[in-house]
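For this chain, numbers begin at 1 and follow the sequence in order. Remember, predicted model here, so these are calculated numbers, not experimental data. Side-chain atoms are counted along with the backbone in the values below, which use heavy atoms only and exclude waters and symmetry mates.
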Amino acid sequence: MRNLFVIVMFILYPVSAWSEFAVFDYEDFGPQVIAYETIGYQWYQWNSSGDYNPNKTDNIKVVVYWNESLENIKQKFPVNPKTEKDYRYLSYEAALKYLNSKVTESPELKNIVSTRDLLKKLRNN
């Protein structure tokens, strides 16, 4: 759940006009059990399943994008099995929806909600 705090801080931090994307590790979205419905399973998308060794994870990145089309983001971050480059793409709005749903589901994240409200107030001043 600590990694979700990284996502919370990113979502709440004002997005500058020149920014287009931010790249996160899969683990930043929490464990696979809560993240797979939004960003897929934690194994390379060209494989039919994960490794038999539960301690081995594939290097998957999640690109959260805004002010940019999905097509352009896919061109900047292409999936390539030969070089083991695997990206999942998530719009800013979808990332925010994911985060909001996890905050309401998880008691551990309740304190982040108050931090979020505080940051909003500070940002508006």
Quiz item: Run the side-chain contact (heavy atoms from CB on, under 4.5 Å) check on Glu27 and Thr57 step by step: do they pass?
Solution: CA-CA 10 Å; Glu27 294 82 16; Thr57 58; 4.1 Å; yes

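- Formation of a donor-acceptor pair under 3.5 Å by the Tyr92 side chain with backbone atoms of Asn67 is not found in this model.
- When every heavy atom of Val79 is checked against every heavy atom of Tyr89, the shortest pair comes out as CG2-OH, 3.7 Å.
- Side-chain contact between Trp43 and Asp51: absent, with no pair of heavy atoms (C-beta onward) separated by less than 4.5 Å.
- Closest non-hydrogen pair, Val64 versus Ala95, comes out as CG1-CB, 4.0 Å.
- Across Ala94 and Leu90, no two heavy atoms sit closer than the pair CB-CD1, 3.6 Å.
- Nearest heavy-atom pair, Gly30 versus Ala35, reported as atom, atom and distance to 0.1 Å: O-CB, 4.3 Å.
- Ring planes of Tyr98 and Phe29: tilted class, angle from 30 to 60°.
- In this structure, the side chains of Leu96 and Glu93 stay at 4.5 Å or more apart for every pair of heavy atoms.
- Between Tyr65 and Ser91 the shortest side-chain heavy-atom distance falls below 4.5 Å.
- Heavy-atom neighbours of Lys85 NZ from other residues, nucleotides or ligands within 6.0 Å: at or below the threshold of 12.
- For Asp58, the salt bridge (Lys or Arg N to Asp or Glu O under 4.0 Å) criterion is met by Lys56, not counting sequence neighbours.
- Between the side chain of Gln32 and the backbone N or O of Gln42 there is at least one donor-acceptor pair closer than 3.5 Å.
- Salt-bridge formation is not detected for the pair Lys61/Asp86: no Lys NZ or Arg NE/NH1/NH2 atom is positioned less than 4.0 Å from an Asp or Glu carboxylate oxygen.
- For the pair Val62 and Tyr26, the tightest heavy-atom approach, listed with the atom from each and the gap, is CG2-CA, 4.1 Å.
- Contact annotation: the side chain of Glu84 never approaches that of Asn59 to less than 4.5 Å [non-hydrogen atoms, C-beta and beyond].
- In terms of modelled atom types and a separation under 3.5 Å, the side chain of Tyr87 and the main chain of Ile73 share no donor-acceptor contact.
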